[in-house]
Amino acid sequence: MGQIQIIVEGMTASGKSTIVNLLSQRLGFDVMPEEFRDPLDLLSRFHHDHKWAFPMQLNFLVTRFAQYLCASEKDNYILDRSVFGDKVYAMLYYRSGYFKDSQFGCYLTLYDSLLRNVKAPKLFVVVRCEFDEIMRRIQSRGRQDEIDVGVNYWKSLYDAYMPFLDFLQNELQRDITFYELELSDPTFIETPSKVTAFLEDVQKFFPERKILPPHES
């Protein structure tokens, strides 16, 4: 089994997918994108009725674990979110009363069992973004289920993600290799000097890779 090269983590609308695509295009990684839709549309159901939190999160956990195992088959994958960050959501939903005690206990049993079978990536890229900018992006991209869930939900999730690095180190019980990227600037991806500086920083963790010109793969 190989090792995941990079996992990009951060809350919704922080810029994760932008960074995943950038690293794929400019450093030659294969992408395993986040799967957040399913045949039952559990995410949309949850946004309209929180009783769907438990089946939704179990589906996410199992899907992310399966993706992780598939991506681990070779040493060239970058992931948009992963099984490691899934518990952040489950803990938030439990504290918010969306999970019953028995449901949260079931989730933790499965999560702990699955986590024993995965290896940490070579690098975590943790994307940070100011809350006001996150809300601007959510409004701008216009996904109605995200808009309808309300500002209070997004603020709770934002607060839950703030101590993410401490959470990761506690979950994995060892030091991890990470890079924090502040992405509140909406012009980041259009500013060559900022993009180049970021790519050069990441390349230091992967000296065998060359930075490719824009639009070349």
Side-chain angles (χ1 to χ4, degrees), residues 1-12 14-38 57-90 110-129 161 163-183 188-189 192 194-217:
M1 181 179 290
Q3 184 179 19
I4 305 297
Q5 300 300 286
I6 303 177
I7 292 175
V8 181
E9 288 277 6
M11 76 164 283
T12 303
S14 61
K16 294 189 302 9
S17 297
T18 296
I19 295 305
V20 166
N21 292 332
L22 174 65
L23 292 173
S24 171
Q25 295 166 6
R26 302 294 301 277
L27 288 177
F29 292 107
D30 293 329
V31 177
M32 182 70 73
E34 179 186 12
E35 291 287 345
F36 63 93
R37 298 295 183 186
D38 64 89
Q57 208 57 42
L58 280 186
N59 179 72
F60 278 148
L61 177 61
V62 173
T63 299
R64 286 167 178 159
F65 176 70
Q67 284 188 300
Y68 204 93
L69 289 187
C70 289
S72 296
E73 292 181 348
K74 64 176 185 175
D75 296 319
N76 201 47
Y77 268 109
I78 178 172
L79 268 66
D80 187 340
R81 208 189 300 280
S82 75
V83 66
F84 295 104
D86 198 81
K87 190 176 175 181
V88 173
Y89 288 84
L110 179 58
Y111 175 86
D112 291 341
S113 176
L114 296 179
L115 211 65
R116 289 196 292 268
N117 295 286
V118 296
K119 183 179 182 180
K122 287 188 177 180
L123 178 67
F124 281 101
V125 174
V126 179
V127 179
R128 305 288 192 188
C129 184
Y161 254 103
F164 186 69
L165 285 173
D166 290 339
F167 166 82
L168 273 179
Q169 290 177 330
N170 182 65
E171 289 297 292
L172 296 172
Q173 294 295 307
R174 58 184 180 274
D175 290 336
I176 58 174
T177 304
F178 66 89
Y179 181 94
E180 286 190 272
L181 176 63
E182 169 56 45
L183 210 58
F188 171 87
I189 201 66
K194 293 181 179 180
V195 169
T196 298
F198 168 65
L199 290 172
E200 289 176 346
D201 284 345
V202 173
Q203 186 193 32
K204 294 174 184 176
F205 297 96
F206 304 93
E208 73 282 1
R209 292 182 178 269
K210 294 182 178 180
I211 297 176
L212 303 173
H215 308 302
E216 181 177 332
S217 59

Is Phe124 close to Thr177 at the side-chain level, that is, under 4.5 Å between some pair of heavy atoms?
no

Please give me the minimum heavy-atom distance between Leu123 and Tyr179, naming the atom from each residue.
CD1-N, 3.9 Å

Working to the nearest 0.5 Å, report the span between CG of Leu183 and NZ of Lys194.
9.5 Å

Minimum heavy-atom distance Val62-Leu110, with the two atoms named
CG2-CD2, 4.1 Å

Do the side chain of Glu9 and the main chain of Ser82 share a donor and acceptor less than 3.5 angstrom apart?
yes

Donor-acceptor pair, Arg64 side chain versus Arg81 backbone, under 3.5 Å?
no

Measure across Ile7 and Pro121 and return the closest heavy-atom pair with its distance rounded to 0.1 Å.
CD1-CG, 3.6 Å

Could you walk me through whether Val8 and Val127 pass the side-chain contact (heavy atoms from CB on, under 4.5 Å) check?
CA-CA 7 Å; Val8 181; Val127 179; 3.7 Å; yes

For Leu79 and Ala71, work out which heavy atoms get closest and say how close.
CD1-CB, 3.7 Å

Can the ring centres of Phe164 and Tyr161 be said to be less than 6.0 Å apart?
yes

Can the positive tip of Lys74 be found less than 6.0 Å from the middle of the six-membered ring of Tyr77, inside 45° of the ring normal?
yes

Quick check for you: to the nearest 0.5 Å, what is the distance between Ser14 atom OG and Leu181 atom CG?
9.5 Å

Residue from Asn76, Leu23, Val20 passing side-chain contact (heavy atoms from CB on, under 4.5 Å) with Val31
Val20

Ring center gap for Phe84 and Phe167 short of 6.0 angstrom:
no

Would Phe205 and Val125 count as a side-chain contact (heavy atoms from CB on, under 4.5 Å) here? Give the steps.
CA-CA 11 Å; Phe205 297 96; Val125 174; over 6 Å; no

Quick one: CD on Glu208 to CG on Leu27, what's the gap to the nearest 0.5 Å?
9.5 Å

What's the verdict on side-chain hydrogen bond (donor to acceptor under 3.5 Å, both in side chains) for Glu171 and Tyr111, showing C-alpha distance, side-chain angles and the deciding distance?
CA-CA 11 Å; Glu171 289 297 292; Tyr111 175 86; 3.0 Å; yes

Within 45 degrees of the axis of the six-membered ring of Phe29 and under 6.0 Å from its centre: does Arg209 put its NZ or CZ there?
yes

So, does Asn170 use its side chain to make a donor-acceptor pair with the main chain of Asp166 at under 3.5 Å?
no

Checking Leu61 against Val83 for the side-chain contact (heavy atoms from CB on, under 4.5 Å) test, could you report, in this order, the C-alpha distance in whole Å, the side-chain angles of both residues, the deciding distance, and whether it holds?
CA-CA 6 Å; Leu61 177 61; Val83 66; 3.6 Å; yes

Starting at CZ of Phe65, measure out to CG of Leu114 and round the result to the nearest 0.5 Å.
5.0 Å

Nearest 0.5 angstrom please: Thr196 OG1 to Asp201 CG, how far?
11.0 Å

Measuring from Ile176:CD1 to Gln169:CD, what's the distance to the nearest 0.5 Å?
5.0 Å

Is Phe206 close to Ile6 at the side-chain level, that is, under 4.5 Å between some pair of heavy atoms?
yes

Could you walk me through whether Ser72 and Ile4 pass the side-chain contact (heavy atoms from CB on, under 4.5 Å) check?
CA-CA 6 Å; Ser72 296; Ile4 305 297; 3.8 Å; yes

Say whether, by atom type as modelled, one donor and one acceptor occur between the side chain of Gln5 and the main chain of Gln3 under 3.5 angstrom.
yes

